[in-house]
Amino acid sequence: MYAPLPQLTEIQRDQAVAQVEAADGSVAYVVTRYQDVRTVLVDPRFSRAEAAKLQDGAAEFGLGDLASESIVAMDPPEHTRLRRLVARAFTARRVEELRPRAADIVEKLIDELETRERPVDLVEYFSLALPVQVICELLGVPAEDRDRFHGWSDALMSGPGADPRITGAALQAMGEYFGGLIYAKRAQPADDLMTALIAARDEQDKLTERELVTLSLGILIGGHETTANQINMILLTLRRFPEQDARLRADPSLIPGAVEELMRFVQLGDGATSLPRVATEDVVLSGVTIPKGSIVLPAIAAANRDPRNTEGPERLDVARADVSHLSFGAGVHHCLGAQLARMELQEALRGLFTRLPGLRVAVPDEELRFKQGMIVRSVEALPVTW
């Protein structure tokens, strides 16, 4: 669970780009080297919109209609239009303005942790609670509803083999929930992102009612799932590297750079590939011609461990300089919330290591339970003590 699949490492070493056959007999191209993966993410000849049209692709990722209607499934100019409406809420300046609030949430969550009997579940009382509270305040969603929409989010983030009835029901429930919130916000506007999006819908006619719901839903899911799981996986990964763990705890000034190194190193997915693209014309990558119309699978986890881009990529180094990774994507689909996630991870580690210097996971890896069939690796509970 800590490294890319061995097959991807072999492809990266020997082929760079490999032709593979899917279960339905269709052919796809797996891309593994850093520069090639970056090209797939950045080059407009690789289309997310065309990939999202493939019904099997939507089913594969378990997202139902959301797979084809969300901003991550669009190409410019539609993608550009919607992204501009929300991008200002996630600028570096705006995120820095949110940092004191995030730090305050961290402090209060740790205060509560300290009152509970140990071992305590970090997932429930910290890892999930922090990004949920931050994104809820930013968007304007009541944080007390977190258990409801986290259950829906789990259903929508199910991977291959997800029951379409379950994902469809979750999508409908979330749509109805946001429909009710939008109705309430129209009656009582507030200083939050959802009110701004409603204004863009009602006053400027820049998006449809369905786009308004889908955008809100996508921001909420994307704003907490990966960050919560990243906190958990960071702690589990650092346990495997006690010297690096001790070094980071002893010198909190390393935390911003360490977050980048951990984003490069930690495997949030199953070590396989990111959202697919479709080549809209013949494209040559590392000497391999990818024919027009082909499905292309960028292996971000493998690219982050490419020795052509990172010296000693299998070595975790919390003081590594000039870390480059593709964990937030690249190009027009570079993660909108990348700066927010960075800030939350920095404040989470700073708070945990400063307030709870003896913090440790209380059970061995083999006793951990991971949610099955998820796009993002999700530990069900993380018992910790200090």
Side-chain angles (χ1 to χ4, degrees), residues 2 90-114 122-123 125-135 138 223-268 304-305 310-328 334-335 337-361 377 379 382 384-386:
Y2 295 104
F90 297 98
T91 63
R93 181 182 63 80
R94 174 62 177 142
V95 167
E96 283 306 306
E97 291 174 353
L98 292 173
R99 187 183 291 272
R101 176 58 184 145
D104 182 58
I105 292 172
V106 166
E107 290 294 312
K108 291 178 179 177
L109 290 174
I110 294 176
D111 286 344
E112 184 178 351
L113 279 178
E114 291 184 313
L122 198 75
V123 174
Y125 297 109
F126 186 85
S127 306
L128 182 59
L130 169 61
V132 163
Q133 288 191 42
V134 172
I135 199 63
L138 181 66
H224 80 276
E225 280 284 354
T226 53
T227 304
N229 294 317
Q230 190 68 261
I231 293 170
N232 302 326
M233 291 303 296
I234 282 175
L235 292 178
L236 290 171
T237 300
L238 285 172
R239 180 167 68 172
R240 296 181 60 242
F241 297 88
E243 291 183 2
Q244 296 301 311
D245 188 14
R247 187 178 186 185
L248 185 57
R249 291 171 190 252
D251 186 359
S253 70
L254 294 175
I255 287 176
V259 164
E260 299 306 311
E261 169 70 347
L262 288 159
M263 288 293 299
R264 179 193 72 82
F265 193 86
V266 171
Q267 306 295 303
L268 269 193
N304 284 344
R305 301 282 188 98
T310 301
E311 183 179 352
E314 300 305 318
R315 185 183 74 251
L316 177 67
D317 181 359
V318 296
R320 190 188 294 272
D322 302 321
V323 179
S324 59
H325 62 80
L326 296 170
S327 298
F328 289 121
H334 182 266
C335 176
Q339 290 298 107
L340 184 64
R342 284 186 170 103
M343 181 271 285
E344 289 174 348
L345 291 171
Q346 290 167 13
E347 293 306 316
L349 293 181
R350 185 173 289 111
L352 290 173
F353 291 165
T354 301
R355 291 280 308 277
L356 306 173
L359 181 76
R360 60 182 175 83
V361 179
R377 189 178 301 282
V379 64
L382 189 62
V384 297
T385 190
W386 52 91

Assess whether side chain to side chain contact (heavy atoms under 4.5 Å, CB included) is satisfied between Glu260 and His325, documenting all intermediate values. CA-CA 8 Å; Glu260 299 306 311; His325 62 80; 2.8 Å; yes

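- Taking every heavy atom of both residues into account, Phe90 and Leu340 meet most closely at CE2-CD2, 3.9 Å.
- Closest non-hydrogen pair, Asn304 versus Arg264, comes out as O-NH1, 3.0 Å.
- Interatomic distance, CZ of Phe265 versus CZ of Arg305, reported as 4.0 Å (0.5 Å rounding).
- In this structure the side chain of Val318 never reaches within 4.5 angstrom of the side chain of Phe241, judged on heavy atoms.
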Taking it one step at a time, do Leu238 and Leu316 satisfy side chain to side chain contact (heavy atoms under 4.5 Å, CB included)? CA-CA 9 Å; Leu238 285 172; Leu316 177 67; 4.1 Å; yes

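- Within the 4.5 Å cutoff, no side-chain heavy atoms of Glu344 are placed close to those of Gln230.
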Determine, step by step, whether Arg99 and Val95 satisfy the side chain to side chain contact (heavy atoms under 4.5 Å, CB included) criterion, reporting the C-alpha distance in whole Å, the side-chain angles of both residues, the deciding distance to 0.1 Å, and the verdict. CA-CA 6 Å; Arg99 187 183 291 272; Val95 167; 5.8 Å; no

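- By the neighbour-count criterion of 12 heavy atoms within 6.0 Å, atom CD of Glu97 is densely surrounded, having more than that number from other residues, nucleotides or ligands.
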Determine, step by step, whether Arg93 and Glu96 satisfy the salt bridge (Lys or Arg N to Asp or Glu O under 4.0 Å) criterion, reporting the C-alpha distance in whole Å, the side-chain angles of both residues, the deciding distance to 0.1 Å, and the verdict. CA-CA 5 Å; Arg93 181 182 63 80; Glu96 283 306 306; over 6 Å; no

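- Of all heavy-atom pairs between Val361 and Val384, the closest is CA-CG1, 4.2 Å.
- The shortest heavy-atom contact between Glu112 and Tyr125 is OE2-CD2, 4.0 Å.
- Under the 3.5 Å distance criterion, the side-chain polar atoms of Arg249 are matched with a main-chain donor or acceptor of Leu359.
- When all heavy atoms are compared, the tightest approach of Ile255 to Leu349 is CD1-C, 4.1 Å.
- Not one N or O on the side chain of Arg355 forms a donor-acceptor pair closer than 3.5 Å with the backbone of Val106.
- Note that NZ of Lys108 is 8.5 Å distant from CD of Gln133, once rounded to the nearest 0.5 Å.
- Distance CG/Leu262 to CG/Leu248: 7.0 Å, rounded to 0.5 Å.
- Of the candidates Met343, Arg342, Gln346, Gln346 is the only one forming a side chain to side chain contact (heavy atoms under 4.5 Å, CB included) with Pro256.
- Remark: the backbone N or O of Asp317 is paired with a side-chain donor or acceptor of Glu261 at under 3.5 angstrom.
- Between the CD1 atom in Ile105 and the CD atom in Glu347 there is a gap of 10.5 Å [rounded to 0.5 Å].
- Nearest heavy atom pair, residue Ala129 against residue Leu109, reads CB-CD2, 3.8 Å.
- Atom-to-atom distance recorded for Ile231:CD1 and Leu128:CG is 9.0 Å, nearest 0.5 angstrom.
- The side-chain heavy atoms of Leu236 and Leu382, taken from C-beta on, include a pair separated by under 4.5 Å.
- Here the OG1 atom belonging to Thr237 is positioned 10.5 Å from the CG atom belonging to Asp245, to the nearest 0.5 angstrom.
- Counting non-hydrogen atoms of other residues, nucleotides and ligands closer than 6.0 Å to CG of Asp322 gives a total of 12 or fewer.
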